[in-house]
Structures are given as structure tokens and as C-alpha cells.
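Labels below follow one simple rule: chain letters A, B, ... track the order of the sequence lines, proteins then strands, and each chain is numbered from 1.
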Number of protein chains: 2
Amino acid sequence: MTSPDDKRRTIRDVAKAAGVSISTASNALNGIGRTNAETREKVKRIADELGFRPNALARGLLTKRSHAIGMLTNDTYGRLTLPMAAGVSEILVDHGVSLFLCATNNDPRLAKLHIDALLDRQVDGIIFTATRIDLEPPPELLKLRIPVIYAFAQGPSDSVSFHPDDAQGARIAVQHLQTLGRSRILHITGEQNYLAARIRADAYRELAGSYGQVMFGEWSEEWGHSAIDAVYSRSAPKPDAIFCGSDEIARGVIDALRDRGISIPDDVAVVGFDNWEVVSRQTRPPLTTIDMELKELGHRAGLAILGLSRGEKFEPGVVRLPCSLVARGSA
Amino acid sequence: MTSPDDKRRTIRDVAKAAGVSISTASNALNGIGRTNAETREKVKRIADELGFRPNALARGLLTKRSHAIGMLTNDTYGRLTLPMAAGVSEILVDHGVSLFLCATNNDPRLAKLHIDALLDRQVDGIIFTATRIDLEPPPELLKLRIPVIYAFAQGPSDSVSFHPDDAQGARIAVQHLQTLGRSRILHITGEQNYLAARIRADAYRELAGSYGQVMFGEWSEEWGHSAIDAVYSRSAPKPDAIFCGSDEIARGVIDALRDRGISIPDDVAVVGFDNWEVVSRQTRPPLTTIDMELKELGHRAGLAILGLSRGEKFEPGVVRLPCSLVARGSA
DNA sequence: TGTTTTTGATAAAACCTTTTATCTCCTATA
DNA sequence: TATAGGAGATAAAAGGTTTTATCAAAAACA
């Protein structure tokens, strides 16, 4: 005598308890085929009573759809990746699809290992995410039989990628400052070999007028500091607003300005980029900044991979999702 | 005529190409049963040439081991969770086990949804992680047939949990300050209703001597600020060192001390807690702080769940993993 | 030479579902 | 009345693997 909870119930148990065949039980539960409404209800009720849940492995083996997708990411500390993963997950769970998380640490060998494992598990698709747009995805991804979506990363030309609209984000930042009456707007940003930094800088230049000037440097608070030191140690006319390439840079900028007794936003207005709340909420004053809507980006990527895995077609190319401005005290 | 890469190769293809039966192919590939060394090599070679990889669904269906485990987490912004997930993943990938990531957003309904999905997929085990130790895990976890590990979270008494050793972490912080010759050490920390905060505070009190004083507040930079304001607006003797409950608090403390022209570490030494590099590397001076070794915690949790899923036994209870001190400029 | 072991290989069952093809009743039509 | 058609149910195949039981041939033994 074994206890009733000893092992999982199978559809065979349900069928036997309902006094029908396995196929009838399956049809009834899935609501397909020709089934009498009465038996259908009975089977469903009994399945419920027994706590029956179909074995996803068996189902996937037969239907060739595992209802799982893989997400490849190259970072571990996750300021960019995790919001996206949360967005993806939110969409998937609503569709009964689970998410494999694979951290590749930028190691091609590890990436291959993970991709193989995902294929072995018959995932319905793969989302590749990166910490910067212009990062090469692992070559193994290019020739798969399953769909691949690139989020915050650049896929090959016939693939579909989702990026934040960096140019639009830069524009709304500059326009916000101009609406506040600022005309001498400086742009302090990160490394020039980041595509996103160049796109933002270009968009900024289009609007900034003759005063416009871009200072490339690093993605660090320290660089924000030293950039301000540089600006105020030269004789050129001083800015009345600064658009920063990241919240961290903005934090350094704000700290440096405060050290000089410059009032924010009265003397100089500051706008950041990222809306990384742990930074942007903690500056004094709190930082007005650009939000890349990473969770929404995850939503879109999730919907896309679901659609593709069902055979829907998507226009190849880069989809740029609009950024939004979060107004706080600094501008 | 279909192209050779049209679909995945099955073991049947390998068997046919090698001129052996399916069972022989299986035995050869897995190195079990009685197989001639020569045929074994041949089968392996041909499987390799064909790029054969076994279907994990079929294998899991039969062996009842899916070689996948689920990780339940309640946060989305991931400062604590993601390093742990990376640690777990590192261990698992070495053992050919994949990781389902489930973000529950602290929503019990969502947690149940995810747990059910994991069970349907026949995961070999579940790791529950949280953002604070004293957070109730979802009740569904308590009565599963598969093993559950609690990481950074408190399971029932017969379960196995992994926590950072908060008491030891607090002790090495205080001892470090004392080694530097400081005797008036203050403890500024977060909310008292966090168990971790209370444990650290208790350990601190044991060592701090008569000057010892704990200021509970919030886990924010702002609280660090206002705590310093409070300390310096009263007439009591001033501290020569401050042990902070988080790096964010420490950052607020350092900024406030600098505003007052107090030199760090000469006048006041500061130690943080978390080693959240984006904060601790950016303070001026850089922050000496306690690292909870979250990745190592992930390693241990991963090894534990692997062991349990193979039927090994683990002593129930809480395993406390030692923290380490990272010396930078502030103390 | 006849019998028992050992070796190597295989057929078939099993895992749990879904789906196709079949089958049995009934009812409606000619 | 004979036949066609439809409703409802089912047996069986399929999916890809592992494993058990079986089998044939070669080797070892008496």
C-alpha cells in the first residue's frame, strides 16, 4: 500500500478514475476533438480532484514545443540585464513558458556550452542580451533552426533586435533643458567606442547649437568629477546645463559642482541617463534622467520570441523603443 | 531531397549509420552495459561526425531526472540575487544542469504559478532566494517531493539554508577598526525589523565596549546623512570610527562627514557592508567594506541542490558562510 | 565432444502525452 | 428499409531515449 501522494498522477490515472480512455481524457482536457460536454466536465473535475498536471517533458517530446526559452546574458551584476529579464519573464509566465537563464561571463566557450544545453532541451527560442549594443553575439547563434531575438544587442542584418532609442532619449534630454531656458548645454559621456555613446552624442549635437560640446571619457563617477574640474579650470564660458551619458557620471558631476558651491539646478541644470534608481534617487538634488524602459524592452523581446516560435513573421531589423524623461530635482 | 541539417539527428540515425542497434548505440554512448571497445569507439566517432546530441526531453521523461533546477527569486533589481544566481549557474553548468529563473515579485499568486510550472517540467530541485533572510517562503514549497534549498532565506527547521555569517562579518569589521586603534566606534545601520541588521548589531555590541551605540534607520544613503547630522548636533563625545550596515549608508555617512570637513580615515574611519562595488569603489576615499561572498553562497547552494537531487543527505539547518573584509581607503 | 560461461549485441518495453485513424452507435435521408 | 452521415469514444502509433530481458556466438571447461 502506497500513499496516494506517492507519485505524480498521470493522464492514465485520470482516465481510469473517469472511466474513459486515455485519448478521451486528453481530448477533454485540451478541449479538442469531439467530446460530449458532460464527459468533458467530468474528466476536468476528476483531473482537478486528483491534482493532475501534465508532464511537460512528455508533451514537449511529442509536440516539438518545449514551452521554454533561453536567455543568454554576458553580465553578472545585472543593472541592465535583470530588468530586461524581469520583463521577459513577466510576458512568458502569462503564456505558460519558462525561462532558462544562462550567464556567459563573456566567455565564448561558456556561451557555446549553454547554447548546446538549450538546444538539447529543445527550447522554442533564444533571447540574447548584452550590456552594450555593439557587442558581438556568439557565432553559434547565427545558424540555429530556432528563432533568436537580440535585446540590447546587435544581431545579423536578417534578425530582429530591440534597442532603446538612444537618439530620441538624447533629444528629449536636451529639449527638456532648452525648455527650461538653458542654452549653454554641455554633454559629458562615457567611452567613445560605445555605439550608444556616439548615437547620443550625435543626436545631442544636432540640437545643442554653437555651444555644443561633447566630452567623452569613462562610464564612472570619477570621470564626471574630473570632467567638471577640467571645464572649470579653463577660461571658456561656463555651461548652464549638463547632459550626462549615465547616472553615475551625473552623480560625479553633481558632487563636483556642489564642491564648487554651484547651485543645482539654479546655476547649472543636470540630466542623467539610465534612471538607475539607486543612483538617481540618491543624488542631491535627486536626478532628472532618461529611462530606457528596459522592462518594456524585455516585454517586447518576450512577445517577439513567442510570436516567432509560433511561426509568426517579424520584420527584420532594429526596433528602437522610446525612452522617457523622469523629472526630479536636478533639472 | 532534404538537406542533411534539416532536423536534429536522433540516436536512431547514429545507430543506422554505425550499423548497430539503437540499444547498442545507447550503451556505447553512455559507456554502460557490455560493449566491445571497438564498436564503442566507432559509435562515438559517428555520433560526433553527425553532431548527435541526445534529446533532453526524452531522456528526462525516462530517467525522471530533468537535469534542470529552478531558482525562485523575489526581486527584480538584483543586487543580491544576481551574484548568487551567477554562482549557482557556474556550478550547475559544470554538471550539465540548466537553471530556470523565476521572478516572483513577492506575489504569492505568481510564486505558485512558477512553482507549478517548475514541477510540470520535472525539475530536480528548487533554490529559493530572497532579498532578506527573514522573508517567508511561499507555503507551496514546504510539501514538495523534490529537494528545496534556501539561499539568503529562512526555510523550515528540517530544511537546509545558506546565509552569510552576519555576526562574523560584523566582528571582523569592528576588529579591523580596533586594530587601527579606534575605540569610539559607532554603528549606523538599517531597519531594525531586518534580522540581519539585528544580528550584526548584536555582534557589534559584544565588541564595541562602553562607547558602543547602535543607530537603526533605513537602508538608504539619506539615512547615513541624517544620522551624521544627528550625531554631530548633540554634545556627546564624537566617534573616531563608524561601522555602517550597508555601503549605501556608508556613502551617505562619508558624504556628510566630508561636508563637515572631517577627514576620512584620519579623523573618522568608516567601514561599510555589502561590497557593492558600484558604491564602494566610488566613495571618496574608496570604501573599506565587508563582502558577503554571495557568489560563493550561490556555489554552495548549487552544490547542495545537486547533491540532494542525487539522494545525498545534508544536515538540516542554517549554514553560515564567512564574510571577508575588503580594505580600501576609508579605514 | 558436449556443456557451461562469457561476451557482445539486440528486441521490446517503458516513460507520458498527443494525434490519427478506426470503430460503434444513432439519427437523418432517400 | 437500406444507406449515408455524424457524434462520441477509443486503439494504436508516434516522439527519442534508457533499460531489462533475451539471444546468438564464441570461449572455457569437463
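- Under 4.0 angstrom from either OP1 or OP2 of C:dC16 there lies at least one side-chain N or O belonging to B:Lys64.
- The number of heavy atoms from other shown groups lying within 6.0 Å of CZ (B:Arg12) does not exceed 12.
- Mapping B:Ile32 and B:Leu61 onto DNA chain D by nearest heavy atom places B:Leu61 closer to the 5' end of the strand.
- Shown are A:Leu118, A:Val148, A:Ile127, A:Thr129; of these, the side chain to side chain contact (heavy atoms under 4.5 Å, CB included) with A:Leu72 is made only by A:Leu118.
- Looking at heavy-atom distances under 4.0 Å, A:Asn27 makes contact with a base.
- Taking the six-membered ring wherever Trp is involved, the centroid distance between the rings of B:Phe100 and A:Phe100 falls below 6.0 Å.
- In this structure, A:Asn36 places its CG atom 12 Å from P of D:dA7, rounding to the nearest Å.
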B:His95/B:His67 under side chain to side chain contact (heavy atoms under 4.5 Å, CB included): CA gap, chis, key distance, verdict: CA-CA 9 Å; B:His95 292 77; B:His67 293 276; over 6 Å; no

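- Salt-bridge check for A:Glu49 with A:Arg45: passed, with a basic side-chain N closer than 4.0 Å to an acidic carboxylate O.
- Between A:Thr39 and D:dA9 there is a side-chain polar atom (N or O) within less than 4.0 angstrom of OP1 or OP2.
- The side chain of B:Ser26 places an N or O atom within less than 4.0 Å of a non-bridging phosphate oxygen (OP1 or OP2) of D:dT18.
- Not one side-chain nitrogen or oxygen of A:Thr24 sits closer than 4.0 Å to the OP1 or OP2 atom of D:dA9.
- Checking D:dG16, C:dT17, D:dA11 against every side-chain atom of A:Pro54, the shortest atom distance belongs to C:dT17.
- Across the protein-nucleic acid pair, A:Ile22 atom CD1 and D:dA13 atom C1' stand 13 Å apart, rounded to whole Å.
- One interatomic measurement links the two molecules: NZ of A:Lys16 to P of D:dA11, which rounds to 13 Å at whole-angstrom precision.
- At a threshold of 4.0 angstrom between heavy atoms, the contacts of B:Arg34 include nucleobase atoms, whether or not backbone atoms are also involved.
- Remark: C1' of D:dT18 and CZ of B:Arg12 are 14 Å apart, rounded to the nearest angstrom.
- Atom P of nucleotide C:dT17 and atom CG of A:Asn30 are separated by 11 Å, given to the nearest angstrom.
- Residue-to-nucleotide proximity on DNA chain C shows that, of A:Arg53 and B:Gly19, the 5′-proximal contact is made by B:Gly19.
- Nearest-nucleotide assignment on DNA chain D puts the 5′-proximal partner with A:Arg40, out of A:Arg40 and B:Leu57.
- The listed nucleotides are C:dT10, D:dG16, C:dT17; the one nearest the side chain of B:Leu62 is D:dG16.
- A donor-acceptor contact under 3.5 Å links the side chain of B:Ser23 to the base of C:dA11.
- Atom CZ of B:Arg8 and atom C1' of D:dT17 are 13 Å apart (whole Å).
- A:Asn74 pairs in a side-chain hydrogen bond (donor to acceptor under 3.5 Å, both in side chains) with only one of the listed residues (A:Asn105, A:Asp107, A:Asn106), which is A:Asn106.
- The distance from atom CG of B:Asp13 to atom P of D:dG15 is 12 Å, rounded to the nearest whole Å.
- One atom, CZ of A:Arg65, and another, P of C:dT17, lie 19 Å apart when rounded to the nearest Å.
- Contact annotation: B:Arg59 side-chain N/O to D:dT18 OP1/OP2 distance is under 4.0 Å.
- In this structure, the nucleotide among D:dA9, C:dT17, D:dT19 sitting nearest to the side chain of A:Ile11 is C:dT17.
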